[in-house]
Engineer: 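Here it is: the structure, laid out below.
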2 protein chains.
Amino acid sequence: MADVKHQLLEQFAIVAKALGHAHRLDLLDYLAQGERGVDGLARATGLTVANTSQHLQNLRRAGLITSQKRGLQVIYRLAGEDVVDLLSALRHTTERHVAEVDRIVAGYFNERDSLEPISRAELLERSQAGLVTVLDVRPVEEFQAGHIPGAVNLPLKDLEKHLQDLPKGQEVIAYCRGPYCVLSFEAVAALRDKGYSARRLVDGYPEWRASGLPIEANG
Amino acid sequence: MADVKHQLLEQFAIVAKALGHAHRLDLLDYLAQGERGVDGLARATGLTVANTSQHLQNLRRAGLITSQKRGLQVIYRLAGEDVVDLLSALRHTTERHVAEVDRIVAGYFNERDSLEPISRAELLERSQAGLVTVLDVRPVEEFQAGHIPGAVNLPLKDLEKHLQDLPKGQEVIAYCRGPYCVLSFEAVAALRDKGYSARRLVDGYPEWRASGLPIEANG
DNA sequence: TAAATATTCAAGCGATTACTTGATTGCTAA
DNA sequence: TTAGCAATCAAGTAATCGCTTGAATATTTA
């Protein structure tokens with residue numbers, strides 16, 4: 001009986017241990033955008049294929065992701081939306097209690113972060129009222145796998161070329177992968193530079209989806 | 001910039017790594033009941049004092065707990081309520097995706113768990129209406145550090161002796177430390193045996209407090 | 001059937017972690 | 001000042017982890 005508790009704690013520890021490495025957190029972050037093969041993840045993270053494979057198996061053993069063979073590839077995906085919640089909780093607690101995070105963020109985001117982010121609730125309301133243009137700056141594949149309803153997809157590198165697609169009168173709300181995805185910061189900076197009124201969505205697409213808000217796919 | 005992300009992931013990984021050991025999770029579980037000294041924690045967990053001290057320092061380095069010298073002792077406490085949320089998320093994801101948990105729980109809790117637990121919301125409502133007796137079966141010290149308003153403290157070992165303190169007509173709702181605390185299961189079993197109508201509260205005291213419901217201390 | 005591709009396996013290494021033991025520090029009270 | 005106590009430190013050992021390298025396993029295409 002005290003024994004049961006320890007057996008369960010052992011299981012929780014296995015899951016926590018799986019989260020205990022930056023490379024695995026990075027992999028989960030990419031998987032939170034949508035399913036992917038080993039090779040794609042290796043290229044996204046910059047790890048060797050063998051190393052990526054081993055980390056993925058580690059995550060699978062912990063139950064955080066599942067895999068499925070499709071042709072030559074093995075496709076990995078998150079085991080469920082609650083994994084995103086767990087990652088959010090980890091991020092939240094770390095931000096709140098680890099001073100080092102402030103130091104790192106202050107060094108890179110200081111002026112940028114003064115661009116106050118908009119909440120999910122506010123974005124939903126203003127977007128449904130047609131008051132804002134929602135801009136998704138992630139790569140096309142990630143956008144197609146799922147995005148906020150009504151969002152326009154303009155990867156950062158194409159932004160300058162297609163500025164005319166954005167209605168000039170409306171405020172633009174940019175988002176990308178998550179709270180530390182630099183793309184959206186840069187998009188907002190670029191848009192403001194061109195005379196647009198622009199803000200960032202707080203967090204990113206995985207958090208939007210995990211909080212149960214409506215999404216659109218296969219755009 | 002991709003570098004910033006990696007630095008931050010490194011910080012998250014440190015926190016996750018701190019959660020990646022059954023003994024540390026056990027320590028956090030006890031600290032979720034209230035602050036404690038090293039010696040008390042060592043006795044509660046059955047670890048040596050030196051080992052306990054090292055695990056605690058590990059947790060403190062990760063920012064999950066804080067310490068404060070008080071006389072001869074060093075008192076440790078959780079860094080914040082959000083740590084309980086993180087532990088809940090970890091438990092929730094593990095329960096949902098790790099088959100081993102089902103196996104362990106099924107082996108020990110099967111008939112017991114058929115005693116359907118009552119939700120926090122329902123307990124609050126029925127307790128305020130005076131319809132139920134709330135029974136806290138944790139040790140006296142933990143009860144005094146904080147408990148659900150109106151709860152009666154009867155540690156399991158004193159339960160049989162003081163049965164007459166419980167109004168016989170009312171349903172009794174028992175709770176203790178958390179979802180896997182066996183005390184409340186046993187209390188419910190014992191009470192039913194004596195002819196009482198009894199149920200368990202889902203989870204335990206730390207989860208009650210973390211969800212922002214009212215508490216009472218120093219009873 | 002053979003070649004090509006995506007992934008996994010197996011072995012080996014250096015680094016890190018968990019735990020024990022015994023010494024040390026810092027505080028309190030006699 | 002000294003004795004006693006709580007906690008931490010330091011050193012050593014066994015086990016685990018992360019990564020690389022090169023071979024092995026499927027599956028598809030030629």
Side-chain angles (χ1 to χ4, degrees), chain A residues 6-7 9-31 34-77 141, chain B residues 6-7 9-31 34-77 141:
Chain A
H6 201 268
Q7 284 182 53
L9 290 178
E10 207 73 65
Q11 298 301 316
F12 303 152
I14 289 172
V15 174
K17 216 176 290 183
L19 297 177
H21 195 284
H23 288 164
R24 285 193 290 270
L25 292 175
D26 205 12
L27 287 168
L28 288 173
D29 208 42
Y30 284 108
L31 288 173
E35 56 179 43
R36 291 244 212 169
V38 178
D39 197 60
L41 288 165
R43 239 171 302 111
T45 55
L47 303 175
T48 65
V49 171
N51 197 11
T52 303
S53 173
Q54 287 181 91
H55 279 304
L56 289 169
Q57 285 172 64
N58 191 328
L59 289 168
R60 188 178 50 195
R61 251 179 278 124
L64 292 168
I65 63 179
T66 61
S67 67
Q68 175 200 351
K69 201 139 197 196
R70 186 183 300 162
L72 266 186
Q73 292 193 100
V74 176
I75 304 294
Y76 283 90
R77 64 175 65 81
E141 314 87 63
Chain B
H6 200 268
Q7 283 182 54
L9 290 178
E10 207 73 65
Q11 297 302 316
F12 302 152
I14 289 172
V15 174
K17 218 178 288 184
L19 297 178
H21 195 285
H23 288 163
R24 285 194 290 271
L25 291 174
D26 205 12
L27 287 168
L28 288 173
D29 209 43
Y30 283 108
L31 288 173
E35 54 179 42
R36 291 244 213 170
V38 178
D39 197 59
L41 288 165
R43 236 168 308 108
T45 55
L47 304 174
T48 66
V49 172
N51 197 10
T52 304
S53 174
Q54 288 181 91
H55 279 303
L56 289 169
Q57 286 172 65
N58 191 326
L59 289 168
R60 189 179 49 195
R61 252 179 277 125
L64 292 168
I65 63 179
T66 61
S67 67
Q68 176 200 351
K69 202 139 197 193
R70 187 183 300 162
L72 268 186
Q73 293 193 101
V74 175
I75 305 294
Y76 284 90
R77 66 175 64 80
E141 314 87 64

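Per chain, numbering begins at 1; letters A, B, ... match sequence-line order. Any value given below was found using the heavy atoms of this structure, including those in side chains, with hydrogens, waters and symmetry copies removed.
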Engineer: Taking A/K17 first and then A/E10, would you say they form a salt bridge - that is, a charged N and a carboxylate O separated by under 4.0 Å?
Structural biologist: no

Engineer: Given atom CG of A/L25 and atom C1' of D/dG18, what is their separation to the nearest angstrom?
Structural biologist: 15 Å

Engineer: Just to confirm, is there a sub-4.0 Å distance from OP1 or OP2 of D/dT8 to any side-chain nitrogen or oxygen of B/Y76?
Structural biologist: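 For B/Y76, the contact criterion (side-chain N or O under 4.0 Å from OP1 or OP2 of D/dT8) is met.
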
Engineer: Looking at side-chain heavy atoms only, is the closest gap between A/T66 and A/Y76 below 4.5 Å?
Structural biologist: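 No, too far: nothing below the 4.5 Å cut-off.
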
Engineer: Rounded to whole angstroms, how far apart are CD on A/E10 and P on C/dA18?
Structural biologist: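 These atoms are roughly 12 Å apart.
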
Engineer: Under a 4.5 Å cut-off applied to non-hydrogen side-chain atoms, are A/H23 and A/T45 in contact?
Structural biologist: no

Engineer: Please state how far atom CG in A/L9 lies from atom P in C/dA18, giving the value in whole angstrom units.
Structural biologist: 15 Å

Engineer: Grab the two heavy atoms, one from A/R60 and one from A/S67, that are nearest each other, plus how far apart they are.
Structural biologist: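 That would be NH1-OG, 2.7 Å.
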
Engineer: Let me know the distance between NZ of B/K17 and P of D/dC17, rounded to the nearest Å.
Structural biologist: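 Whole-Å distance recorded here is 11 Å.
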
Engineer: Quick one: B/L27 CG to C/dA18 C1', roughly how many Å, whole number?
Structural biologist: 13 Å

Engineer: Counting the atoms with a prime plus P, OP1 and OP2 as sugar-phosphate, which does A/Q54 contact under 4.0 Å by heavy atoms, base, sugar-phosphate, or nothing?
Structural biologist: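 It contacts base atoms.
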
Engineer: In whole Å, I'd like the distance from the CZ atom of B/R36 to the P atom of D/dA7.
Structural biologist: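 B/R36 atom CZ is separated from D/dA7 atom P by 12 Å.
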
Engineer: Rounded to whole angstroms, how far apart are CG on A/L56 and C1' on D/dC19?
Structural biologist: 15 Å

Engineer: Tabulated below should be each protein N or O lying under 3.5 Å from an N or O of nucleotides 25-30 of chain C; please produce it.
Structural biologist:
none

Engineer: Quick check: closest heavy atoms across B/T48 and B/T52, and the distance to 0.1 Å?
Structural biologist: O-OG1, 2.7 Å

Engineer: Taking all atoms of both residues into account, what is the closest heavy-atom pair of A/L9 and B/L25, and its distance?
Structural biologist: O-CD1, 3.5 Å

Engineer: Quickly work out the A/D39 CG to C/dT5 P distance and round it to whole Å.
Structural biologist: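 It is 12 Å, rounded to the nearest whole Å.
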
Engineer: Show the nearest heavy-atom pair for residues A/A18 and A/A62, with the distance to one decimal.
Structural biologist: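 Shortest heavy-atom contact: CB-CB, 3.5 Å.
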
Engineer: For a quick test of reading the model: is some side-chain N or O of B/H55 closer than 4.0 Å to OP1 or OP2 of C/dT17?
Structural biologist: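 No, no such contact exists.
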
Engineer: Which ones in residues 40-51 of chain B lie close to DNA chain C, meaning a heavy atom under 4.0 Å from one of its atoms?
Structural biologist: B/T48, B/A50, B/N51

